[in-house]
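No experiment lies behind these values; they were computed from the predicted model shown. These numbers come from the heavy atoms of this one structure, side chains and all, not from hydrogens, waters or symmetry mates. A note on names: the letters A, B, ... follow the listed sequences, proteins ahead of strands, and every chain is numbered from 1.
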Amino acid sequence: MHHHLLQSLRLCATGGNPFSGKALHARILKIGLDQHGPLPNTLIYMYAKRGLLKDALQVFDDMRQRDLVSWASILTAYNRANLPNRSISIFPDMFGRDSLQPDHFVFASLVNSCAALNALQIGRQVHAQFVLSEFSSDDITKSSLVDMYAKCGSLDDARAVFDTICTKNSVSWTAIISGYAKAGRKSESVKLLRDMKVQDLFSWTALISGLIQSGHFVSAFHLFVEMQKEGIKIIDPFILSSVIGASANLAAQELGKQVHCLVLKLGFESNLYVCNTLIDIHVGLVNKGCDLFKSMVDDYGLKPNLQHYTCLLDLYSRSGYLDEAENLLNTMPFEVDEAVWASLLSACKRFGKTQMGIRIANRLMGLGVKDPSSYILLSNAYAGESMWENVAKVRRLMEAIDVKKEPGYSCVHLGKETEVFYAGETGHPMKNEMRVLLKDLDEEMRKRGYVPDVSFVLHDMGKKEKENQLFWHSERLAVAYGLLNGVPGSVIRVVKNLRVCGDCHTVLKFICSIVGREIVVRDASRFHHFKDGRCSCSDFCCDMEALSRKVSVGS
DNA sequence: GTAAATAATC
């Protein structure tokens, strides 16, 4: 009978229907067992765990004889209800009213209250009593003391207690690592993590989020990547919200988006903290930008020029504020060029705004289009809505103005000589060697998760043919030639007349890590320095891309 | 013999 009731109460404490706990309580009262054995204490415990402080207090006050278990349970109830100060204020009644001396359970709860209150002086007093008590060797209470001192910023005390813990578990390690990391003592916190035999998500989260809190964003990101390489599974959203928060701080929007992808893939998008930090990124930057723009006009009396508007538009469209972007486009006193419309169109695609996408595409068509990439955007926008007539129209326009006017080529510099390659070139004397090398690399890349992104191919053909097209892009030929003929281990230097396509960008990241060589590509818009699987133009993002691919493959 | 305590996120 009692066993059954006890077990049911314990089940109610950890989950299930909150009303069933009250129903059980009613039944216990009815059969007159409310003062019997462990039942009243378990009722307090159950109410405490469910956050029903009033009910817990009711049982506590009605008890004829309170014991240490009752006290430990009611202190937990206060802590759970976020009222640690009430724990401290009610605690003296334990000596007075009930003539009890605290045991290790009560000590741990009290120390926990002090930690939440940042009450270092009281914490020290509790510590002193604990040391004098017969429970002074209890490791759990010591762990809570480590946490309390760490949270109060008294790291030397935390470390001293930590060193006396006989059997250190995940909780004790996490408490001390968190303390050092939040205090910005990076090397010590990292060393502690490495000293752990079995690191888990708790300890990594403590380290990474602590370093983020103390401003060590870059180290934190590298550790975040390392954590996942170590195979630590992200089974709850704590670490994500903290990493997203850091990307907001770094204003690393691309990185933020990558983490956002990870959030979606892992299914934590509904978590409150994660949401809030994400909004800090999509809202924080936009608000900042709008404020600057407004202050430019209102406070400094400046008249925004086309570049200013373009910048604000870019901010809007990158952050998904597409209605605002379109509105601004329609009201601003300038005509914008093709590039601006194209960027808004690609944002429409990214944020799934198909209707607006078609609207923008029509405007862009009316404007006349020169850039080949705009044609791809247009074609994709119409194809996405099955507007095949418009797709055909885009294609006819492409043919009419001969989009392929400027052929892409890449030069590779080997000492004094320079070799030039055109896309799809087949007449080169070393063609076979280059093909074999690229094929081997392709195989290895696919093993590592590479999927060709054929959306960068302009022509109308099947997927296999498109992949083949990508395979023969000039920058790959140039790199292959450089690998075959250059000095082993030297940096491969390539110059390209057009912009490196997105797929080749990914491929070069893979290649540089497979062959262990640095590759530098100067394209039409910038330098790309490929090294260790990353590119200088988006260091973190590359890591994150690889990671999110890994996650998607894993799940 | 029963029942109670400690760590990581905006």
Side-chain angles (χ1 to χ4, degrees), chain A residues 2-3 5-7 9-10 13 36-46 48-49 56 59-60 63 66-77 79-80 87 100 102-116 126 130 135 138-148 150-151 158 161-162 165 167-179 181-182 189 193 196 199-213 227 232 234-246 248-249 263 268 271-281 284:
Chain A
H2 304 208
H3 281 297
L5 285 170
L6 273 178
Q7 211 169 1
L9 279 177
R10 255 179 287 154
H36 187 273
L39 283 174
N41 283 339
T42 311
L43 277 167
I44 299 174
Y45 168 75
M46 183 272 294
K49 287 277 173 184
V59 181
F60 181 81
M63 276 182 85
R66 284 170 292 273
D67 60 11
L68 286 168
V69 181
S70 332
W71 276 94
S73 303
I74 204 68
L75 294 180
T76 302
N79 287 344
R80 285 244 152 194
S87 288
L100 293 164
D103 68 359
H104 44 315
F105 288 87
V106 172
F107 276 127
S109 265
L110 271 180
V111 173
N112 194 16
S113 315
C114 295
V126 177
F130 166 70
F135 306 99
D138 181 58
D139 280 346
I140 293 184
T141 306
K142 287 183 192 169
S143 277
S144 63
L145 282 165
V146 171
D147 179 57
M148 185 272 293
K151 286 201 171 115
V161 178
F162 177 79
I165 298 178
T167 312
K168 300 176 176 65
N169 63 9
S170 165
V171 179
S172 11
W173 283 100
T174 302
I176 191 78
I177 289 173
S178 171
K182 280 183 192 163
S189 60
L193 182 100
M196 278 184 85
Q199 309 158 348
D200 59 12
L201 185 59
F202 274 91
S203 45
W204 278 100
T205 305
L207 176 66
I208 291 168
S209 58
L211 288 177
I212 287 171
Q213 280 177 47
M227 179 192 90
I232 303 287
I234 301 176
I235 52 168
D236 62 36
F238 280 53
I239 196 159
L240 294 173
S241 68
S242 126
V243 173
I244 297 164
N249 270 314
V263 168
F268 294 125
N271 178 267
L272 180 67
Y273 288 153
V274 170
C275 266
N276 284 345
T277 34
L278 275 173
I279 291 169
D280 274 357
I281 298 180

Would you mind reading off the distance between [X] atom [atom1] and [N] atom [atom2], rounded to a whole angstrom?
X      : N      : atom1 : atom2 : result
A:L9   : B:dT2  : CG    : P     : 18 Å
A:F135 : B:dA4  : CZ    : P     : 16 Å
A:D236 : B:dA7  : CG    : C1'   : 12 Å
A:D138 : B:dA4  : CG    : P     : 15 Å
A:K142 : B:dA7  : NZ    : P     : 17 Å
A:H36  : B:dA3  : NE2   : C1'   : 13 Å
A:N271 : B:dC10 : CG    : P     : 11 Å
A:L39  : B:dA4  : CG    : C1'   : 15 Å

What does [X] touch in the nucleic acid at a heavy-atom separation under 4.0 angstrom: a base, only the sugar-phosphate, or nothing?
X      : value
A:K168 : nothing
A:S242 : sugar-phosphate
A:D139 : nothing
A:T76  : sugar-phosphate

OP1, OP2 of [N] versus side-chain N and O of [X]: anything below 4.0 Å?
X      : N      : result
A:Q213 : B:dC10 : yes
A:N112 : B:dT6  : yes
A:N79  : B:dT6  : no
A:K151 : B:dT6  : no

Worksheet item: Which heavy atom in A:Q199 sits nearest to a heavy atom in A:I232, and how many Å separate them?
Response: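 It is O-CD1, 3.8 Å.
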Given [options], the nucleotide with the shortest approach to the side chain of [X]:
X      : options              : value
A:P38  : B:dC10, B:dT2, B:dA8 : B:dT2
A:F105 : B:dA8, B:dA3, B:dA5  : B:dA5
A:S73  : B:dA7, B:dA5, B:dA4  : B:dA4
A:D67  : B:dA5, B:dA3, B:dC10 : B:dA3
A:T141 : B:dA8, B:dA5, B:dA7  : B:dA5
A:R10  : B:dA5, B:dA7, B:dA3  : B:dA3
A:V171 : B:dA5, B:dA7, B:dA4  : B:dA7

Worksheet item: Can you say whether the rings of A:W71 and A:F60 are parallel (under 30°), tilted (30 to 60°) or perpendicular (over 60°)?
Response: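 Because their plane-to-plane angle is over 60°, the rings of A:W71 and A:F60 count as perpendicular.
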Discussion item. As a quick check of understanding, evaluate side chain to side chain donor-acceptor pair (under 3.5 Å) for A:N112 and A:S109, giving each step before the final call.
Written reply: CA-CA 5 Å; A:N112 194 16; A:S109 265; 5.9 Å; no
Discussion item. Just to be sure I understand the geometry, which residues of residues 200-212 of chain A put a non-hydrogen atom under 4.0 Å away from DNA chain B?
Written reply: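 Output list: A:F202, A:T205, A:S209.
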Worksheet item: Taking side chain as C-beta onward, heavy atoms only, is A:L9 less than 4.5 Å from A:L39?
Response: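 Counting from C-beta outward, A:L9 and A:L39 do come under 4.5 Å.
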Worksheet item: Are any of the side-chain heavy atoms of A:I176 and A:K168 separated by less than 4.5 Å?
Response: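 No - every pair of side-chain heavy atoms lies 4.5 Å or more apart.
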Worksheet item: Between A:W173 and A:F202, does the ring centroid distance fall short of 6.0 Å?
Response: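 Centroid distance A:W173-A:F202: not below 6.0 Å, so no.
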Item to complete: Please determine which of A:L75, A:T76, A:V126, A:N79 meets the side-chain contact (heavy atoms from CB on, under 4.5 Å) test together with A:S113.
Response: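 Output: one option passes, namely A:N79.
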Worksheet item: So, A:D147 and A:K151, do they make that salt bridge, N to O below 4.0 Å?
Response: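 A salt bridge is present here (some side-chain N lies under 4.0 Å from a carboxylate O).
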Worksheet item: Do A:S73 and A:N41 get their side chains close enough for a donor-acceptor pair, meaning under 3.5 Å?
Response: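 Note: A:S73 and A:N41 side chains miss the donor-acceptor criterion.
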Worksheet item: Within the modelled atom types, does a donor on one side and an acceptor on the other bring the side chain of A:S241 and the base of B:dT9 under 3.5 Å apart?
Response: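 It does, because a donor-acceptor pair links the side chain of A:S241 to the base of B:dT9 below 3.5 Å.
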Discussion item. Centroid distance below 5.5 Å plus an interplanar angle below 30 degrees: do A:F238 and B:dT9 meet both conditions?
Written reply: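 The ring of A:F238 is stacked on B:dT9.
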